[in-house]
Amino acid sequence: MCWRRSSPLRRSPPKHADLLAAFASRTDYRGARYVMTRDVYGERPARILDADDREIAADYRTWIEAELEQHGGSVRAVWAAHKDAGYRLTEVQPRLYYFVQDRGGAQDNFVQIEVWEEQEFVETRALSTAGALRFADR
């Protein structure tokens, strides 16, 4: 029978190793550990960009409300004003990360740290000319 020594187990770095290192070097939470991620939160519209990725509006909702007000509440008029501008809508996908730091003693003696992350994606052309559009003007 031949015995071979297996290579040592390789441990993968812990999830969010950079963030855990930041906790350890900049806070008193040197033993914090990752627990879970919640990514059940829905996407939301974020910004309006032009065709060259320059920001037209930092907040889609504020921008569209202002455009509707400027055009007398007419969705059709807003669409007509911007349909050929090549504007694109970005969306944000929020994620919530949970970390804990055990403070010792009783089981409920811990600190829970919540860290929000938002990932932004360029999703679609805003006010696209493609397809049949139906307007429900106010």
Side-chain angles (χ1 to χ4, degrees):
M1 180 184 269
C2 178
W3 293 90
R4 283 194 322 179
R5 187 172 183 200
S6 62
S7 60
L9 291 177
R10 290 186 188 161
R11 286 190 154 182
S12 60
K15 283 193 173 195
H16 311 291
D18 292 339
L19 189 53
L20 289 169
F23 287 150
S25 65
R26 296 186 176 116
T27 71
D28 291 333
Y29 304 125
R30 287 170 179 73
R33 63 183 176 81
Y34 167 78
V35 177
M36 68 178 288
T37 299
R38 285 208 172 153
D39 59 357
V40 295
Y41 306 99
E43 296 88 10
R44 64 175 171 76
R47 300 185 300 150
I48 296 290
L49 305 175
D50 70 8
D52 297 321
D53 288 333
R54 289 183 299 243
E55 184 177 272
I56 299 301
D59 183 304
Y60 165 76
R61 294 186 197 291
T62 302
W63 177 80
I64 198 66
E65 288 296 325
E67 289 296 316
L68 285 167
E69 186 174 323
Q70 181 180 352
H71 292 90
S74 171
V75 172
R76 183 180 307 276
V78 172
W79 173 79
H82 301 292
K83 66 181 174 136
D84 297 321
Y87 289 171
R88 295 179 301 146
L89 175 65
T90 69
E91 290 186 349
V92 168
Q93 170 65 57
R95 288 195 174 117
L96 180 56
Y97 300 103
Y98 290 94
F99 300 85
V100 294
Q101 167 73 42
D102 185 1
R103 300 175 94 187
Q107 186 174 359
D108 63 352
N109 190 18
F110 65 92
V111 173
Q112 177 174 299
I113 304 164
E114 298 176 354
V115 177
W116 281 98
E117 173 191 32
E118 291 185 339
Q119 292 182 347
E120 184 176 32
F121 302 94
V122 177
E123 281 300 315
T124 185
R125 278 192 63 189
L127 309 170
S128 175
T129 58
L133 298 175
R134 295 184 183 197
F135 299 103
D137 282 333
R138 296 183 205 176

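Residues take their numbers from the sequence shown, with the count starting at 1.
Interatomic distance, CD of Gln101 versus CG of Asn109, reported as 10.0 Å (0.5 Å rounding). Note that CZ of Arg103 is 10.5 Å distant from CZ of Phe110, once rounded to the nearest 0.5 Å. In this structure, CH2 in Trp116 is found 4.0 Å from OH in Tyr41, a value given to the nearest 0.5 Å. Expressed to the nearest 0.5 Å, how far CD of Glu69 lies from CD1 of Ile64 amounts to 12.5 Å. For the atom pair CG (Asp39) and CD (Gln119), the distance works out to 9.5 Å, reported to the nearest 0.5 Å. Put simply, CG on Leu49 and CG on Leu89 are 8.5 Å apart, with the number rounded to the nearest 0.5 Å.
Val92 and Val122 are not part of a single hydrophobic cluster, where members link through side-chain heavy atoms under 4.5 Å apart. Placement of Leu68 and Tyr87 within a single hydrophobic cluster is found when ILVMFWY residues are connected by side-chain heavy-atom separations under 4.5 Å, directly or transitively. Leu19 and Val111 fall within the same hydrophobic cluster, where Ile, Leu, Val, Met, Phe, Trp and Tyr residues are linked whenever their side-chain heavy atoms come under 4.5 Å apart, directly or through other members. Tyr97 and Met36 are members of different hydrophobic clusters when ILVMFWY side chains are connected at heavy-atom separations under 4.5 Å.
Here the side chain of Thr90 pairs a donor or acceptor atom with the backbone of Arg47 at under 3.5 angstrom. Here the side chain of Asp50 pairs a donor or acceptor atom with the backbone of Asp52 at under 3.5 angstrom.
Looking at every heavy atom in both residues, Pro94 comes nearest to Gly42 through CD-O, 3.6 Å.
Listed by chain and residue number, nothing satisfies the side chain to side chain donor-acceptor pair (under 3.5 Å) test with Arg38 (two or more places apart in sequence, or in another chain). Listed by chain and number, the residues in a side chain to side chain donor-acceptor pair (under 3.5 Å) with Glu118 are Arg44 (sequence neighbours excluded). The side chain to side chain donor-acceptor pair (under 3.5 Å) search around Tyr34 returns Thr37, not counting sequence neighbours.
The 12-atom threshold is not exceeded at CG of Asp28, counting heavy atoms of other residues, nucleotides or ligands nearer than 6.0 Å. Shown here is Arg30, whose CZ atom has more than 12 heavy atoms of other residues, nucleotides or ligands within 6.0 Å.
Relative orientation of the Phe23 and Phe99 rings is perpendicular, given thresholds of 30° and 60° on the angle between their planes.
Taking the centre of each ring, His71 and Trp79 stay at or above the 6.0 Å mark.
Ion pairing between Arg61 and Asp59 fails under the 4.0 Å rule for side-chain N and carboxylate O.
In this structure, a donor-acceptor pair under 3.5 Å is present between the side chains of Glu114 and Gln112.
Contact annotation: the side chain of Tyr98 approaches that of Leu96 to within less than 4.5 Å [non-hydrogen atoms, C-beta and beyond].
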